[in-house]
J.: 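Here it is, the structure, as structure tokens.
Along the sequence shown, residues are numbered consecutively beginning with 1.
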Amino acid sequence: MARIVLGVGASHSTLMNTHWDGVVHTDRARRFRDALDEARDAVAAARPDVAVVVGSNHFRGFWLDLIPAFTVGVGEVIGAGEAGTPKGPQRTDPAVARELAEALIERGTEVALSARLQIDHGQTHAIQYLLRDLDVPVVPLVVNVFAAPLPRPDRCVALGANLAEAVAALPDDLRVVVIASGGLSHQLPWPADWRDPQTADEEFLVEAWLNGRGEWERYDERRRAIITAARPVIFEGFDERFLADLQAGDLRRYASWTSADIQRAAGNGGQELRTWLIMAAALGFAPGRTLAYAAMPEWLTGMGVALIEPAGAGA
């Protein structure tokens with residue numbers, strides 16, 4: 001019987017790749033980078049046969065013409081390659097991906113399927129740093145966290161529980177790692193609601209999100225400039241509480257939150273915490289361990305890394 005052998009939660013930021021030389025809080029940055037290395041070593045020690053990478057998409061693989069709540073890549077998976085992240089075809093296991101998708105649907109989570117899925121740093125940042133040199137096939141699970149209306153947190157928790165059951169139902173004796181990529185708190189310079197842009201920059205972003213399919217590079221220079229010019233907004237107190245709840249096995253309580261609750265507590269980028277809830281639910285909300293937390297204004301984000309082992313794994 002297949003089983004989940006480890007859960008990992010890790011923040012992502014392409015500014016880590018492109019703006020390292022501009023980092024002022026070097027001790028914090030190194031602490032986060034070292035924690036990614038420690039998490040990568042934990043993944044290696046778990047000897048996974050496949051990694052389910054739960055992440056977001058920043059309008060490079062999904063666009064306003066079609067954004068499902070949840071999507072599983074069941075065929076070819078292509079990294080967009082923005083900002084020094086992995087580019088081109090990624091190693092996959094389509095048979096496992098299709099079995100997981102079918103099992104999720106049977107259990108009541110109607111995931112969309114993509115036989116040719118483009119992923120961006122919402123997934124490839126994790127591949128770059130947590131699966132480095134491991135040659136582990138990935139099953140991407142993309143969560144819509146930016147184009148309102150967003151999937152409810154309780155539905156994300158249900159998805160995580162269904163994912164655990166889907167893994168257990170796989171016919172082969174596989175070892176599965178579940179990686180959550182995204183968060184923690186941050187505020188992106190994006191429109192509060194794509195349906196009601198308020199400034200010229202917001203109008204440009206909505207245009208890019210609507211028309212970028214197949215030519216996202218055409219919009220990327222100005223888009224990048226808008227992001228790098230943003231004022232950092234990080235809610236350190238929330239991040240610390242969230243990680244403390246992860247360590248205590250109490251993340252289930254966020255299932256009752258709304259998108260508005262998350263926005264107030266952790267900014268619009270905090271909507272990515274849905275990926276952590278899915279991962280934690282797949283691990284049965286077992287108590288976890290925080291490897292590092294660093295509030296990084298240079299990267300606009302509260303950067304955290306944590307591990308969750310299945311209940312009873314320590315024994």
J.: Closest heavy-atom contact between Pro151 and Val143?
T.: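 For Pro151 and Val143, the tightest heavy-atom pair comes out as CG-CG1, 4.2 Å.
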J.: When you compare the side chain of Leu131 with that of Ile179, does any pair of heavy atoms fall below 4.5 Å?
T.: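 Sidechains of Leu131 and Ile179: in contact.
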J.: Looking at Arg224 and Asp220, would you say the former's side chain and the latter's main chain have a donor-acceptor pair under 3.5 Å?
T.: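 Judged by distance alone, no pair lies under 3.5 Å.
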J.: Please report the interatomic distance OG(Ser56) to CG(Asn144), rounded to the nearest 0.5 Å.
T.: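 Those atoms lie 9.5 Å apart.
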J.: With no hydrogens and no angle check, is any side-chain donor or acceptor of Arg175 less than 3.5 Å from a backbone partner on Ala46?
T.: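 Flag set: sc Arg175 to bb Ala46 pair under 3.5 Å.
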J.: Once you round to the nearest 0.5 Å, how far does CG of Asp245 lie from CZ of Phe238?
T.: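 These two atoms lie 8.5 Å from each other.
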J.: Looking only at side-chain N and O atoms, does Ser259 offer a donor or acceptor that is under 3.5 Å from a partner on Arg152?
T.: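 Result is no, nothing qualifies.
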J.: Is a side-chain donor-acceptor pair under 3.5 Å present for Glu298 with His19?
T.: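 Per modelled atom types, His19 and Glu298 side chains form no pair under 3.5 Å.
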J.: Quick check: do Leu64 and Phe59 have side-chain heavy atoms less than 4.5 Å from each other?
T.: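 The answer is yes, as the side chains (C-beta and beyond) meet within the 4.5 Å cut-off.
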J.: Is a donor on one side and an acceptor on the other found under 3.5 Å between the side chain of Gln90 and the backbone of Gly88?
T.: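 Present.
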J.: Any idea which heavy atoms bring Gly73 and Ala97 closest together, and the distance?
T.: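 Taking every non-hydrogen atom into account, O-CB, 3.4 Å.
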J.: Just by modelled atom types, is the Ala168 backbone N or O under 3.5 Å from a matching donor or acceptor in the Arg3 side chain?
T.: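 Not confirmed, Arg3 side chain does not pair with Ala168 backbone.
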J.: side-chain contact (heavy atoms from CB on, under 4.5 Å), that's the test. Do Val178 and Val8 meet it? Break it down for me.
T.: CA-CA 6 Å; Val178 180; Val8 184; over 6 Å; no
J.: Taking the six-membered ring for Trp, is the centroid-to-centroid distance between Tyr293 and Phe32 below 6.0 Å?
T.: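 Centroid distance Tyr293-Phe32: not below 6.0 Å, so no.
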J.: Ion pair present between Arg241 and Glu236, side-chain N to carboxylate O less than 4.0 angstrom?
T.: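 Here Arg241 does not pair with Glu236 in a salt bridge, since their nearest N and O are not under 4.0 Å apart.
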J.: Less than 4.5 Å apart, side chain to side chain, heavy atoms only: is that true for Pro197 and Phe204?
T.: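 No, too far: nothing below the 4.5 Å cut-off.
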J.: Just checking, any donor-acceptor pair under 3.5 angstrom between side chains of Arg60 and Thr124?
T.: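 On atom types as modelled, these side chains do not qualify, holding no pair under 3.5 Å.
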J.: Quick one: do the Asn17 and Gln128 side chains pair a donor with an acceptor below 3.5 Å?
T.: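 Yes, Gln128 and Asn17 have a side-chain donor paired with an acceptor closer than 3.5 Å.
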J.: For the residue pair His12 / Glu272, report whether a side-chain donor-acceptor contact shorter than 3.5 Å exists.
T.: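 There is such a pair between these side chains.
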J.: Do Tyr129 and Asp37 make a side-chain contact, defined as non-hydrogen atoms from C-beta onward lying under 4.5 Å apart?
T.: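 They are not in side-chain contact.
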J.: May I ask you to check whether over 12 heavy atoms, not counting those of Arg132, lie within 6.0 Å of atom CZ?
T.: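 Buried by this count: over 12 neighbours within 6.0 Å.
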J.: For a quick test of reading the model, state the closest non-hydrogen atom pair linking Ala39 to Leu307 and the distance between them.
T.: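 That closest heavy-atom pairing would be CB-CD2, 4.1 Å.
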J.: Judged by atom type as modelled, is there a donor-acceptor pair below 3.5 Å linking the side chain of Arg222 to the main-chain atoms of Tyr219?
T.: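 Such a contact is absent between Arg222 side chain and Tyr219 backbone.
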J.: Dump the intermediate steps for side-chain contact (heavy atoms from CB on, under 4.5 Å) on Val233 and His186, then the final yes or no.
T.: CA-CA 6 Å; Val233 179; His186 58 296; over 6 Å; no
J.: I need the Leu100 CG to Ile105 CD1 distance, nearest 0.5 Å.
T.: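 Atom-to-atom, Leu100:CG and Ile105:CD1 are 11.0 Å apart.
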J.: Under 4.5 Å between side-chain heavy atoms, counting indirect links through other Ile/Leu/Val/Met/Phe/Trp/Tyr residues: same cluster for Met296 and Leu188 or not?
T.: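 Yes, it is one cluster - the side chains of Met296 and Leu188 are joined through contacts under 4.5 Å.
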J.: Between Pro189 and Ile227, which heavy-atom pair has the shortest distance, and what is it?
T.: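 The pair with the smallest heavy-atom distance is CG-CA, 3.8 Å.
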J.: Quick one: are Pro153 and Ile262 in side-chain contact, heavy atoms under 4.5 Å?
T.: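 Sidechains of Ile262 and Pro153: in contact.
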J.: Could you state the interatomic distance from CD (Glu106) to CG (Asn162), rounded to the nearest 0.5 Å?
T.: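 Rounded to the nearest 0.5 Å, the CD-CG separation comes out at 11.0 Å.
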J.: Just by distance, with hydrogens left out, do Arg155 and Thr109 show a side-chain donor and acceptor under 3.5 Å apart?
T.: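 Looking only at side-chain atoms, Thr109 and Arg155 do not form any donor-acceptor pair under 3.5 Å.
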J.: Are there more than 12 heavy atoms of other residues, nucleotides or ligands under 6.0 Å from atom CZ of Arg289?
T.: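 Incorrect, the count does not exceed 12.
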J.: Okay, side chain of Gln118, backbone of Ile78: is any donor-acceptor separation there less than 3.5 Å?
T.: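 Checked: no pair found.
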J.: Do you reckon Leu150 sits in the same ILVMFWY cluster as Leu273, going by side-chain contacts under 4.5 Å, direct or chained?
T.: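 Different clusters.
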J.: Hey, does the side chain of Thr290 reach the backbone of Ala292 with a donor-acceptor pair shorter than 3.5 angstrom?
T.: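 Absent.
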J.: Please find out if less than 6.0 Å separates the ring center of Trp20 from that of Trp299.
T.: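 Close enough - the centres of the two rings lie under 6.0 Å apart.
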J.: Below 4.5 Å, heavy atoms only, C-beta onward: do Val176 and Asp49 meet side chain to side chain?
T.: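 No, every pair of side-chain atoms sits at 4.5 Å or beyond.
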J.: Is it true that, when you exclude Arg47 itself, more than 12 heavy atoms of the residues, nucleotides or ligands shown sit nearer than 6.0 Å to its CZ?
T.: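 No, CZ of Arg47 has 12 or fewer neighbouring heavy atoms, counting only those of other groups under 6.0 Å.
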J.: For Gly270, does its backbone N or O pair with a side-chain atom of Ser185 as donor and acceptor, under 3.5 Å?
T.: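 Here the side-chain-to-backbone pair does not exist.
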J.: Under the 3.5 angstrom rule, does the side chain of Thr92 hit a backbone N or O of Val138 as a donor-acceptor pair?
T.: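 Judged by distance alone, no pair lies under 3.5 Å.
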J.: Using side-chain heavy atoms (C-beta onward) and a distance below 4.5 Å, is Val54 in contact with Gln123?
T.: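 Sidechains of Gln123 and Val54: no contact.
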J.: Please check this pair: side chain of Ser114 against backbone of Arg116, looking for a donor-acceptor N/O pair closer than 3.5 Å.
T.: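 Confirmed, Ser114 side chain pairs with Arg116 backbone.
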J.: Between Phe146 and Trp190 (judged by ring centroids, cut-off 6.0 Å), do the two rings come close enough to count as a pair?
T.: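 For Phe146 and Trp190, the ring centres are under 6.0 Å apart.
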J.: Below 4.5 Å, heavy atoms only, C-beta onward: do Gln247 and Pro287 meet side chain to side chain?
T.: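 Side chain of Gln247 against side chain of Pro287, heavy atoms only: no contact under 4.5 Å found.
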J.: Hydrophobic clusters here meaning ILVMFWY residues chained together by side-chain heavy-atom distances under 4.5 Å, can you tell me if Leu184 and Trp257 are in one?
T.: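 Yes, Leu184 and Trp257 fall within the same hydrophobic cluster.
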J.: Can you tell which of Val139, Leu117, Val52, Val142 makes a side-chain contact (heavy atoms from CB on, under 4.5 Å) with Val72?
T.: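 Only one option passes, and that is Val139.
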J.: Between Leu104 and Arg107, is a side-chain contact (heavy atoms from CB on, under 4.5 Å) present by the stated rule, with each step listed?
T.: CA-CA 5 Å; Leu104 286 171; Arg107 285 161 175 78; 5.9 Å; no
J.: Looking at CD of Glu38 and CG of Asp34, how far apart are the two atoms once the value is rounded to the nearest 0.5 Å?
T.: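 Interatomic distance, Glu38 CD to Asp34 CG, rounded to 0.5 Å: 9.0 Å.
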J.: Look at atom CZ of Arg231 and say whether more than 12 heavy atoms of other residues, nucleotides or ligands are closer to it than 6.0 Å.
T.: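 No - once you tally the heavy atoms of other residues, nucleotides and ligands closer than 6.0 Å, there are 12 at most.
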J.: Might you point out which heavy atoms bring Arg40 and Asp133 nearest each other, and give the distance in Å?
T.: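 Minimum heavy-atom separation between Arg40 and Asp133: NH2-CB, 4.0 Å.
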J.: Quick one: closest heavy-atom pair of Ala180 and Thr275, and the distance?
T.: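 Smallest interatomic distance, heavy atoms only, reads CB-O, 3.2 Å.
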J.: Please determine whether the number of non-hydrogen atoms from other residues, nucleotides or ligands lying under 6.0 Å from atom CD of Glu215 exceeds 12.
T.: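 Yes.
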J.: side-chain contact (heavy atoms from CB on, under 4.5 Å), that's the test. Do Phe62 and Thr71 meet it? Break it down for me.
T.: CA-CA 10 Å; Phe62 290 86; Thr71 304; 3.6 Å; yes
J.: As a quick check of understanding, evaluate salt bridge (Lys or Arg N to Asp or Glu O under 4.0 Å) for Glu217 and Arg223, giving each step before the final call.
T.: CA-CA 10 Å; Glu217 295 95 336; Arg223 181 182 181 279; over 6 Å; no
J.: Give a yes-or-no answer on whether the side chains of Gln198 and Asp196 include a donor-acceptor pair shorter than 3.5 Å.
T.: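 Result is yes, a qualifying pair exists.
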J.: For Glu202, does the CD atom sit with more than 12 other heavy atoms under 6.0 Å from it, leaving out its own atoms?
T.: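 More than 12 within 6.0 Å, yes.
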J.: Just by distance, with hydrogens left out, do Tyr254 and Asp154 show a side-chain donor and acceptor under 3.5 Å apart?
T.: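 No, Asp154 and Tyr254 have no side-chain donor paired with an acceptor closer than 3.5 Å.
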J.: Between CG of Leu277 and CG of Leu251, what distance do you get to the nearest 0.5 Å?
T.: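 Going from the CG atom of Leu277 to the CG atom of Leu251 covers 6.0 Å.
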